[in-house]
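All heavy atoms count here, side chains included; hydrogens, waters and symmetry mates do not. Residues: numbered from 1 along the sequence shown.
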Amino acid sequence: MVTIPLQDDLTAHENSVKYFERYNKLKRTYEALSKLTLETKEEIDHLESISNSLDIAVSYDDLVQLKEEMIEYGYIHRKGAKSKAGSNRKEKITSKPFHYISSDGFDIYVGKNNYQNEELTFKFATGNDWWFHAKGRPGSHVIVKTGGKELPDATFEEAARLAAHYSTGRDQEKIEVDYVEKKQVKKVAGAKPGFVIYHTNYSMVISTDISGIRMAED
């Protein structure tokens, strides 16, 4: 049995209307808070990805590209002279992804920030290249160029180790890494750069140690 309190000075119909109005108000509040919670989580995820990019930056050029992203999304403001058109000048971007060579001779590229992740995944990689990313945490997109060939197990493991190392899980001994053919990776409409979805994937628990993986001499 459920007892519903009613106001004695209102009719049954008036009481039902009052409860219905209260329900609609609570529903609107819930929907607004749910949207705000989602937006806040997306903002936190974006900031954590930027923090990870700061951790793996190795040069001033890497920081310049990060600065541009933070300016674009309103975290900081650009200082300095304006161009003749009146808009603030951007600094020249020269930062490039990390480039490794697997023990089997395959090229492996690692994005240093969200812009590079976006570029690697959606402009540089082709459909049959392989894409790696630390599972459920901020980290670099790692692309293995296959050249139409089947990857050996050692190359899969080395690419996964790079994805593990260049993520927020690098301080752990091992973490889980997802990997999938690039054609399975989709961009989220309206999402921040580097944020993707994929539904069909493999995963492995792998060491974050990248010692022994050779960096290319670009």
Side-chain angles (χ1 to χ4, degrees), residues 42-103 106-125 129-145 158-172 175 177 182 185 187-188 190-196 206-218:
E42 290 174 348
E43 195 78 5
I44 291 172
D45 289 344
H46 188 205
L47 288 169
E48 287 181 343
S49 71
I50 292 175
S51 176
N52 183 65
S53 298
L54 285 168
D55 289 340
I56 66 176
V58 295
S59 69
Y60 173 78
D61 291 335
D62 299 337
L63 297 178
V64 167
Q65 195 164 28
L66 272 172
K67 178 183 174 183
E68 290 300 325
E69 179 176 356
M70 296 177 73
I71 289 172
E72 179 176 347
Y73 288 93
Y75 299 127
I76 59 175
H77 297 288
R78 192 186 305 280
K79 294 181 180 180
K82 292 186 175 182
S83 67
K84 293 180 180 179
S87 60
N88 291 322
R89 288 187 180 139
K90 291 184 178 180
E91 292 190 61
K92 184 178 180 180
I93 304 300
T94 58
S95 175
K96 296 180 180 179
F98 292 114
H99 181 192
Y100 289 86
I101 307 293
S102 79
S103 57
F106 288 88
D107 291 301
I108 306 176
Y109 296 88
V110 181
K112 292 178 181 175
N113 55 57
N114 289 323
Y115 285 154
Q116 291 184 14
N117 289 338
E118 185 95 357
E119 181 83 12
L120 280 176
T121 300
F122 296 110
K123 294 184 179 180
F124 180 72
D129 292 336
W130 282 85
W131 181 91
F132 295 73
H133 194 280
K135 188 179 186 68
R137 65 175 74 235
S140 296
H141 292 201
V142 175
I143 295 293
V144 181
K145 297 295 291 182
E158 288 162 3
R161 283 164 55 196
L162 288 167
H165 179 79
Y166 289 109
S167 77
T168 56
R170 72 181 61 84
D171 293 331
Q172 300 177 34
I175 66 168
V177 170
K182 181 268 170 185
V185 182
K187 182 170 175 57
V188 182
K192 303 291 193 303
F195 285 75
V196 302
I206 196 77
S207 170
T208 58
D209 181 12
I210 63 170
S211 58
I213 304 178
R214 180 166 62 94
M215 183 172 283
E217 298 178 1
D218 291 338

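Contact of the Val142 side chain with the Tyr166 side chain is not registered, since no non-hydrogen atoms from C-beta on lie closer than 4.5 Å. No side-chain heavy atom of Ser102 sits less than 4.5 Å from a side-chain heavy atom of Val144. Two residues are said to be in side-chain contact when any heavy atoms from C-beta on lie closer than 4.5 Å; Tyr115 and Ser53 fail this criterion. Within the 4.5 Å cutoff, the side chain of Leu54 has no heavy atoms near those of the Asn113 side chain.
Not counting sequence neighbours, the partners of Glu42 by the side chain to side chain contact (heavy atoms under 4.5 Å, CB included) test are Leu38. Remark: Asn114 engages Ser49, Glu69 in a side chain to side chain donor-acceptor pair (under 3.5 Å) (not counting sequence neighbours). In this structure Ser51 satisfies the side chain to side chain donor-acceptor pair (under 3.5 Å) test with no other residue, sequence neighbours excluded.
Looking at every heavy atom in both residues, Ala134 comes nearest to Ile175 through CB-CD1, 3.8 Å. Here the closest non-hydrogen pair linking Lys145 and Ala125 is NZ-CA, 4.2 Å. Residues Gln116 and Ser95 share a closest heavy-atom pair of NE2-OG, 2.8 Å. A pairwise comparison of heavy atoms in His77 and Ile71 identifies C-CG1, 4.4 Å as the closest pair. Nearest heavy-atom pair across Thr208 and Ala164 is CG2-CB, 3.8 Å. Minimum interatomic distance between Glu158 and Ser103 (heavy atoms only, all atoms of both residues): OE2-OG, 2.7 Å.
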message: The test is side-chain contact (heavy atoms from CB on, under 4.5 Å); show your working for Ile50 and Tyr75 and say whether it passes.
response: CA-CA 11 Å; Ile50 292 175; Tyr75 299 127; 3.8 Å; yes
query: Could you go step by step and tell me if Glu118 and Lys123 meet the side-chain contact (heavy atoms from CB on, under 4.5 Å) rule?
result: CA-CA 8 Å; Glu118 185 95 357; Lys123 294 184 179 180; over 6 Å; no
- prompt: How far apart are the C-alpha atoms of Leu162 and Phe98, what are their side-chain angles, what is the distance that settles it, and do they pass the side-chain contact (heavy atoms from CB on, under 4.5 Å) test?
  reply: CA-CA 10 Å; Leu162 288 167; Phe98 292 114; over 6 Å; no
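A distance of 11.0 Å separates CE in Met215 from CD1 in Ile108, rounded to the nearest 0.5 Å. Between the CD atom in Gln172 and the CZ atom in Arg170 there is a gap of 11.0 Å [rounded to 0.5 Å]. Note: Ser167 OG to Lys135 NZ = 13.5 Å, rounded to the nearest 0.5 Å. Taken to the nearest 0.5 Å, the CE atom of Met70 stands 12.5 Å off from the CZ atom of Arg78. If you take NE2 on His165 and CD1 on Ile213, they are separated by 9.0 Å, rounding to the nearest 0.5 Å. Here the CD1 atom belonging to Ile93 is positioned 10.0 Å from the NZ atom belonging to Lys67, to the nearest 0.5 angstrom.
At least one test fails for Lys182 against the ring of Phe124: distance under 6.0 Å to the centre or angle within 45° of the axis.
Side-chain atoms of Thr168 and Asn52 form no donor-acceptor pair, as typed in the model, at a separation below 3.5 Å. For the residue pair Ser59 and Asp61, no side-chain donor N or O sits within less than 3.5 Å of a side-chain acceptor on the partner.
More than 12 heavy atoms of other shown residues, nucleotides or ligands fall within 6.0 angstrom of atom NZ in Lys192.
Relative orientation of the Tyr109 and His99 rings is parallel, given thresholds of 30° and 60° on the angle between their planes. His133 and Trp131 have parallel rings, their planes meeting at less than 30° on a 0 to 90° scale where 60° marks the start of perpendicular.
A side-chain donor-acceptor contact under 3.5 Å links Asn117 to the backbone of His141. Proximity of a side-chain donor or acceptor of Lys112 to a complementary backbone N or O of Lys96 within less than 3.5 Å is detected.
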